[in-house]
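Okay, so here's the structure we're looking at.
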Amino acid sequence: MLKIRYDRKIVADSREYAAKIAGDIYNRFIRGFSTDSIERTTLRFLGVEGATSLGQPKVNSVVEKVKKNSDISLGVLLAVAREMAVSGADFQSAVNIVSDGTLSSIPPSREALEKAKNNIKRLAVLKYEELAGKRRKREEFKKSFQPQKTPLRYLIVATGNIYDDVIQARAAAEAGADIIAVIRSTAQSLLDYVPEGATTEGYGGTYATQENFRIMREALDDVSKKLGRYIYLTNYSSGLCMPEIAFLGAFEGLDVLLNDAMYGILFRDINMKRTFCDQFFSRMICAVSRIIINTGEDNYLTTSDAVERAHTVLTSLFINEAFAKIAGMKPEYMGLGHAFEINPQIEDSFSLELSQALLIRHIFPKSPIKYMPPTKHMTGDPFYSNLLDAMFNLASKMSNQHIHLLGMMTEAMHNPLIMDRYESLKNVNYIFNAASSLASQIQIRKDSLINRRAQEVLSKAYELLQKVQKEGLDNAISNGEFADIKRYSDSGKGVEGVYKKGKEYFNPVFDILLEKTGGER
Amino acid sequence: MLKIRYDRKIVADSREYAAKIAGDIYNRFIRGFSTDSIERTTLRFLGVEGATSLGQPKVNSVVEKVKKNSDISLGVLLAVAREMAVSGADFQSAVNIVSDGTLSSIPPSREALEKAKNNIKRLAVLKYEELAGKRRKREEFKKSFQPQKTPLRYLIVATGNIYDDVIQARAAAEAGADIIAVIRSTAQSLLDYVPEGATTEGYGGTYATQENFRIMREALDDVSKKLGRYIYLTNYSSGLCMPEIAFLGAFEGLDVLLNDAMYGILFRDINMKRTFCDQFFSRMICAVSRIIINTGEDNYLTTSDAVERAHTVLTSLFINEAFAKIAGMKPEYMGLGHAFEINPQIEDSFSLELSQALLIRHIFPKSPIKYMPPTKHMTGDPFYSNLLDAMFNLASKMSNQHIHLLGMMTEAMHNPLIMDRYESLKNVNYIFNAASSLASQIQIRKDSLINRRAQEVLSKAYELLQKVQKEGLDNAISNGEFADIKRYSDSGKGVEGVYKKGKEYFNPVFDILLEKTGGER
Amino acid sequence: MTQLFSNLIKAYGDRRDDGVIQLSFTLPVEYGQKAKQIGKIFAEKLGLREVNVTAVEKVGDGFTMFVVYGHCDVVLDVDKIDIPVVEFTIYSREEVDTLIGKNIGRKIKVVGACTGFDAHTVGIDAILNMKGFAGDYGLERYRWFEVYNLGAQITNEKLIEKALSVGADAILLSQVVTQRNIHKENSLDFVKRIEEKGLRNRFILILGGPRIDHPLAVSLGFDAGFGAGTKPSEVASYIYSRMLELKDR
Amino acid sequence: MTQLFSNLIKAYGDRRDDGVIQLSFTLPVEYGQKAKQIGKIFAEKLGLREVNVTAVEKVGDGFTMFVVYGHCDVVLDVDKIDIPVVEFTIYSREEVDTLIGKNIGRKIKVVGACTGFDAHTVGIDAILNMKGFAGDYGLERYRWFEVYNLGAQITNEKLIEKALSVGADAILLSQVVTQRNIHKENSLDFVKRIEEKGLRNRFILILGGPRIDHPLAVSLGFDAGFGAGTKPSEVASYIYSRMLELKDR
Ligand code: B12
Ligand code: B12
Ligand SMILES: Cc1ncc(COP(=O)(O)O)c(C=O)c1O
Ligand SMILES: Cc1ncc(COP(=O)(O)O)c(C=O)c1O
C-alpha cells in the first residue's frame, strides 16, 4: 500500500484513550443495564415472532405487558419463566400468556422456577446453535465463490418498494456491484418496533423487516449463483431497534449492517444511554454471526466542515473501535466509516482527501473500512457530479479502501434511478481498472502536503480524544464535539426504555452472548 | 516536475538521428525548390491581396499566369520585376498586369531589371518591418496581462459560421478558456487557394480566411481586456496553402498555428515534396512572428493503436523538432503534439498515459507541448466520456503539459454544443484545482510500470529513428512507418506545384526569411 | 432553421434556433437489435426531430438505457411569460442591521425549522446559525434579529406554537426531502394550519430548500421562497423589506 | 402512476411507469432570477410533468444551461412497432470461409470506400483490412473474399466505376461525418447514381458508420446498414447469406 508518515506512538496512545473512554461508558451506562429493545431481541432470539391480534409485534407486546404487570428490571424472561413455572406452560405458550396480559399473580415455587429457567437456558443454547449453524452455512456458501478484489463495489437500492428493489438489485449486481444495500425508509430508526412482512412503501427506502431481508437475500443468492460472484447484502440496524434488527439480519443471512455507537444519538436524537446499551448488545450479535458492521462517521462531515473537522471522524473511529472490542468484535468485521466530503472548490482537495483516506487505511489495517462518496457538495448537474465520484473512486483505489460506496451523480436530486446506478458502476469500473496499480508505482514525498495533513489530522484527533477522556464521552457529546450537534444524557427518544438490571435479572441469551464474544471488558 | 527515469544518452542520440533525417530531406527536397504556395505567399507578403474579377484570389492568378506565360522556376517575383522593368509600372500595377496575363514579352534591360529587383527588395524589407511591428505590438499587448498558469485551457469552436463562432468563443473565454481554436471546414487543406472574406459555412468548421482571422482576433482582444486575461487565438495552416495561411495568421495576430511537417502527407494525401517545402517556408514565417506551431502526432493514434505504436509519436516529434530547427524556430515555439488515446478498457491505462505524457514533457522541456484529449475511444454516452476527459485532465496536470486541449464529452457525437464546451471547462477547472500540487507531492518508484514503459517507448522510438535515417524519411513514409499509412514521393495532391529553382530564381522575401531565421541548415 | 423573432426562443445547440437538446432515459425493453429504434421512436413521440440515439446500453435484464440528441421545436415567447419574482434589494449584513435599527427600530423575531419527517437541518442552519453559509453569516449573527432555530423533525403544529409564544415576525420553513412531493404536502399542511387559526396575516411566511423556488412557494401560500445556494443576507434583506412594507400599511 | 399493460411501456426511473427522464439544453436567455422558470416552462412544453430543474448555469452572456428531470407520459406499444431487422446467422471467420467454399464456390468480391469529403477511413478499414476490429479479423484475411479498399475522399462515381471494373458482388460505403445530414445526402447520391446506371440489382449495397443503422440504410436504398461496433465477421456473414439468397433466386 501507498505509505504515509505519521507518528505511530500517537496512534497507540489514541487507542489507549479510546479504550478508556469506551470502558468508562461501559461501566457507567452499559454493564448493569438493559433496554426494551434488548429484551425484545432476547425474545426473538428464542423464536418469538409474529404479531398480536392488534397487529403489534408480539415481542413488543410481551415487553410492554411485563413493564405493566411485572418487573421489567428483572428481564422479560424472568416473567416468562415464572409463568412457565406457575402454569406449567411451555415457553411459547407462556410468552403468549404474558403477551395477552393474563399472567398469573401467584408466585412460583423456587424449584419450578429453577426448572423453567433451566428450560429457557437450554432453549437459548439450542437457538444459539441454530444461529451458528446458519452462520456456518452462509460462510460455506460464500467460500464457494472466488473472493472479490477490493475495494468492493457497494450500491444502494432505494425505491421504497421491496419488489422494485429486487429488480434494481439484480440489475446492479449484473452490472458489477459486489454489495447491495437496501435503504430503509426515513425515520425507521425512530420506530420503537420492527415492522412485519414484505413492504412496498416508505420514503427514501422501504422498511427493514425480516421478510424483506429474506426476499432480498434469496434474490441475491440466486444472482450470486448466476454470476459466480458472491453478492453481499447490507441493511441498517441503527435506531431504537438496533439489537432486534441485528438479530433479524443475522438470522436472515445479511453480511453487513449499519451499526454505529453514536449515530442514533447525534443524528436521530435517540437517548444516549439507550443507544450505548443497544449498540453493545447488537454488536455482540454481529460478533457471533460474523457480520461486518458499518459505522457512520461519514455523517459528521455533512453537518461539519470536512477540512476543519476531519479529525472528529478519526476520533470517533477510535471510539467506535473501542466499543466494538468491548462487544467482542474482531477488527476484520469492523467496517469503520469515513467519507470524501471536502468542498471540491478548495485547492488541492484531492490531496487532502487522499491523505485522510490513507491515514485511516493505515491506522485500521485489518478493518474492512467503508468509504463514503461525496454527497454534500454534489450539485444538480450530473455531468459535473459524476466527476467528483470519479476522483472519489480514484482516491479509494489509491488507498485501497475495502467497502466502496458508489457515489451517484444524481445525489443532489433524487434517490438513484436505475440508470444512475448503472452509470456509477461504469465510472467505478473505469477508474479502478485504469488506475489498477497506480498506487504501487508511486511514493509520497516526505515533506508533502499529504504527509503533513495526515499528521495534523492525527494530532488533532489525539487531542480531542484526550479531552473526551477527561470529560467523559457523554459530556463531550453534550458539548457538541461530534458533528457540531449537542445531545444530553437524559433527553432524547427511547430514554423510557432503559433500566438498571435488578439483582435477579435473568437472561441466558445475554449470558451466552457475553460468554461467546468474550470482549475486552 | 514529477521525475521519471530514462536513458538520456538515447535521447541525445535520437536527436542526432532526427537532425540527420531532416537534414537529408532539406538537402534533397527543400533547398533549391519552391512551390505554388511559397510563391503566392511571397506575393501576399509584399501586399498583394484581393481577388480577380473572376473571383480567384489574385495571388493564385499571378502564379498561374507566370506558369503559363513565363518561367515559374525563376520565381513569380522575377516575372513581376521584368514587367516593372519593361513597362515602368510600380510593383502593384506590375502584379496586376501579370495577373491579367498581359505581361510584355520584350526582355528588360539589365539595369532596369536590377532596379526593379532592388525596388522589390526594398519593398520586402519594408514589409518585413511592418510584420515585425505587428508582432511587437502584439507582444506588448500580451505582456500587459498576467501570464496564465499552465496547462493552458485550449477550446475549439466549430459552428461552421464565423459569427456563431464568435459567440461561442466569447462564452468559452468567460467560462475560463485560455486559447480559442477556430476549427476549419473539413477539406480546406485540399483547397489550393485561401478563400476570401467572412464565411458562414463549412462542415465541421468554417474556412480559415484573413477576414475570419481578423474578426475573431478583434473579438478575443476585446474579451481579453474585459477579463483581464490574454486569450490566445489558434487556427490551422496545414494543407496546400500552409505558408499562405501562416502569413495571414502572422499578419492578423494569431498566436498558435497547426503546422506539421508530415500531417498533410499522411492524413490528407498531399504530396511529400510539396509538404516538405511548404512546411519549411511556413515555419520560417512562424519563427519570425513568434507564432507557436502545433504538430499533429496525436493523429497517429487515431489510425494506429496507442499502446503498440506509442513510439511512432515520439519518433515523429523528434523529426518535427529537427525540421523546426532547420526553419530557425526556437524550442519555446515548438508546440509538439501528443495525445491521450489508449483504450480505456486496458488495465492500468492511466499509468501508461501518464508515463507517455511525462516522457514527452521531459524530452522537450522548453516546448509548449500540446496535449490532445481522448477522441477515438469516446462513446455516445456523455456521462462516461466525460470521465475519460477527467483522467486526461489529471494526466495533463500531473505532467504539467503546456497547451491542454479540452476534451468534449460529446466527441463521438457532434461538434461541440455550447453547453458541451462549458461542461468541459467545469471538468478541467475542477481537476486542475483539486490536483493542483499533487505531482509535487509524489515520486515515481524506480521499478514502476511508469518508468519501464517510458524507457520502452523511448527505445522503440530510437530504433525507429535509426531505421528511418537509414531508409530516408521519404521511403519510411512509403513503408507506412507512421500512422499505418503509406504515401509515395511522386503521388499525392499538389505535386504539380513543386519546382526546382532556376539559377536566376529571385525572391527577396525568401532571402530575408532565411537571413532572419538563421536556422540550423 | 429559420431565425425567429428575437423574443421567441428555441433551444440553442451551437447555432441560433437549431433546437438541439440532450435526453437520457431507461425503457423496460430488452437490449437487442430492436432497442435502438424503440429509443428513437420514444424520442420522436416526445416531439424531437432528427433523433440521434448515441448510446443504447443494457442496464439490467429487460432494461435498456438511452442517450439521445435531437432537435426540438418548442418555442417560447419569453416576453409573454409571467414569472413572479421576489422584488427587494439585497443588502449586506451591516447594511441590514443599520436599516432595521433606523427604520424598524426593534429586533425582528424569526422562528425556523425543518418540519415533518424531514431531518435535514443543514439548510435551515445555514440561514439561521452564526456560522452561516459560503462566508455569509447567519441571522443569529445580526444585531437586530432574534432567532429561534428549532432544528428538524418537529411537527408543523409545534413550529406554529413556538412562533406564537415568542411573538415571531417571520416563520422560516425548510423542506429538503421532495420524494413523491412530500415537501409540497407538508408545506400545504403548514399553511392550512396557519389559516385555520386565522394567523395568515400574523407572520411573514418563508419557505426554503434545494428544490424550492419563489413561484412554487407563492403557489403553496407563502410570501416568498428561496432555493439552492441562498445566502443568509438575502433572506435577511427580504425580511427587512417585507417588514418595512407591512409597517407602511 | 397506474401500471400499464405489459406491452405498453413508459420510461422507467426507479419504478414501473414512473416515466422519469433526464434532459439538458441551453436557452438563449440571460442567467438570472427568471431563468429557472423559463427552463421549467420549456420542459413542460415538451410534455414533462413535475419538472425538476436541477441545474441552471450561465454558459455565457445571454445563454443559460439547464438540467431537468421530469415525468414524461409518452407510452409506446412495443408490439405494434415494426422495425426492420437484418435477419441472418452470424458465423465466425472460419465458418464463413467454409460455407462460401461449399455453397458459393468462388471468391466474393467486395469494393469499399468512404466517399465524399469524408476522410474517416478507420471504420471501413476496420471491416476490410487484415487487422480487423476488436480482435475480429477483417475481410482481407478471409480466404474467400477478394477485397478492394479504396480508402477515403474519393467520389461516389469512382467507387461505382471500380466496382464495375473488378466485377464486384458487393459495395461497402462508409459514412462517418453526419453534420447537417451530409451522410444521408451523400448516400442518396450514391444510390441515385447506381440506379441511373440501371445497376441496382447488380450489387449488394451495404452502408456503414457510427450513426448508421439498418432501418436508415434501408430507407436510403441500401440492402443493409451497420452501425457503431460492427465486427467484420458480422458483415462477412451477412454478405454470404445474401449471396446465397441471390443464388437461389
Ligand atoms: C447532508 C444530507 C443528509 C444528512 C442530514 C444531516 C442534517 N442534520 O441535516 C443525513 C446523513 C442525516 C441525511 C439523511 C437522509 N437523507 Co439526506 N442528504 C444530505 C445531502 C447530502 C446534503 C444536504 C445538505 O446538507 N446540503 C447543504 C445545504 C446547505 O443545502 P440546502 O439544504 O439546499 O440549503 C440551502 C438552500 O436550499 C436554502 N434553504 C434550505 N432550507 C431553507 C429554509 C429557508 C427558510 C430558507 C430561506 C432557505 C433554505 O438555503 C441553504 C443555504 O443555501 C443531500 C444531497 C445533496 N447533495 O443535496 C441528501 C438528500 C437531501 N437526502 C436524501 C434522503 C432521501 C435522505 C434519507 C431519507 C435517506 C435514508 N433513507 O436514510 C435520510 C433521512 C433524512 C430524513 N429523515 O429526512 C435525499 C432526498 C431525496 C429527495 N429529493 O427527496 C437527498 C437529495 C440525497 C439523495 N439523492 O438521495 N441526509
Ligand atoms: C479518428 C477521427 C478522425 C481522424 C480520421 C483518421 C482516419 N484516417 O480515419 C482525423 C484526425 C483525420 C479526423 C479528422 C476530422 N474529423 Co474526425 N473523428 C475521428 C474520431 C475521433 C474517431 C473515428 C474512428 O476512427 N472511430 C473508430 C472506428 C473503428 O469506428 P467507426 O468509424 O464508427 O467504424 C465502425 C462502425 O461504424 C462500422 N463502420 C464504419 N464504416 C463502415 C462501413 C461499412 C460498409 C460497414 C459494414 C461498417 C462500417 O464498423 C466500424 C467498426 O465497428 C471521431 C470521434 C469518435 N470518437 O467517434 C471523430 C469525428 C468522426 N470527426 C469529426 C470531424 C468533424 C472531423 C473533421 C471534419 C474535423 C475538422 N474540421 O477538421 C476532420 C476532417 C475529416 C473529414 N474530412 O472527414 C466529427 C464528426 C461530426 C459529425 N457527426 O458529423 C467526429 C464525430 C468528432 C467530433 N465530435 O467532432 N477525425
Ligand atoms: C450508521 C448509520 N445508521 C443509519 C443510517 C440511516 O438510517 P436512518 O435514516 O434510518 O437513521 C445511517 C445513514 O447514513 C448511518 O450512517
Ligand atoms: C497538424 C494538423 N493540421 C491540420 C489538422 C486539421 O485540418 P484539415 O482537416 O483541414 O486537414 C489537424 C487535425 O487534427 C492537425 O493535427
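For the numbers below, each heavy atom of this structure counts, side chains included, while hydrogens, waters and symmetry mates do not. The sequence lines fix the lettering, A, B, ..., with proteins before strands; numbering per chain opens at 1. Note that this is a predicted model, so its numbers are computed, not measured.
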Subject >> Interface residue of largest heavy-atom contact number with chain A, from N451(B), I444(B), L354(B), L449(B), under 4.5 Å >> reply: L449(B)
For [X] versus [Y], what's the shortest heavy-atom pair and its separation?
{"X": "P344(A)", "Y": "N433(B)", "result": "O-ND2, 4.0 Å"}
{"X": "L438(B)", "Y": "D348(A)", "result": "N-OD1, 3.9 Å"}
{"X": "E423(A)", "Y": "Y384(B)", "result": "OE1-N, 4.1 Å"}

Could you look at [X] and say if it's the side chain, the backbone, both or neither that has a heavy atom under 4.5 Å from chain A?
{"X": "E347(B)", "result": "both"}
{"X": "Q345(B)", "result": "backbone"}
{"X": "D381(B)", "result": "side chain"}

**OP:** Just do the side-chain contact (heavy atoms from CB on, under 4.5 Å) check on Y430(B) and L388(A) with the steps written out, would you?
**Re:** CA-CA 9 Å; Y430(B) 165 55; L388(A) 305 194; 3.3 Å; yes
Original post:
Stepwise, does the side-chain contact (heavy atoms from CB on, under 4.5 Å) test hold for N386(A) with N386(B)?
Top reply: CA-CA 8 Å; N386(A) 204 25; N386(B) 204 25; 5.7 Å; no
**OP:** Taking R445(B) for its side chain and S440(A) for its backbone only, find out whether a donor-acceptor pair lies under 3.5 Å.
**Re:** yes
Subject >> Per-residue contact mode, I431(A) against chain B (heavy atom under 4.5 angstrom) >> reply: side chain
Subject >> Heavy-atom pair count under 4.5 Å with chain B, highest-scoring of S437(A), A390(A), S349(A), A434(A) >> reply: A434(A)
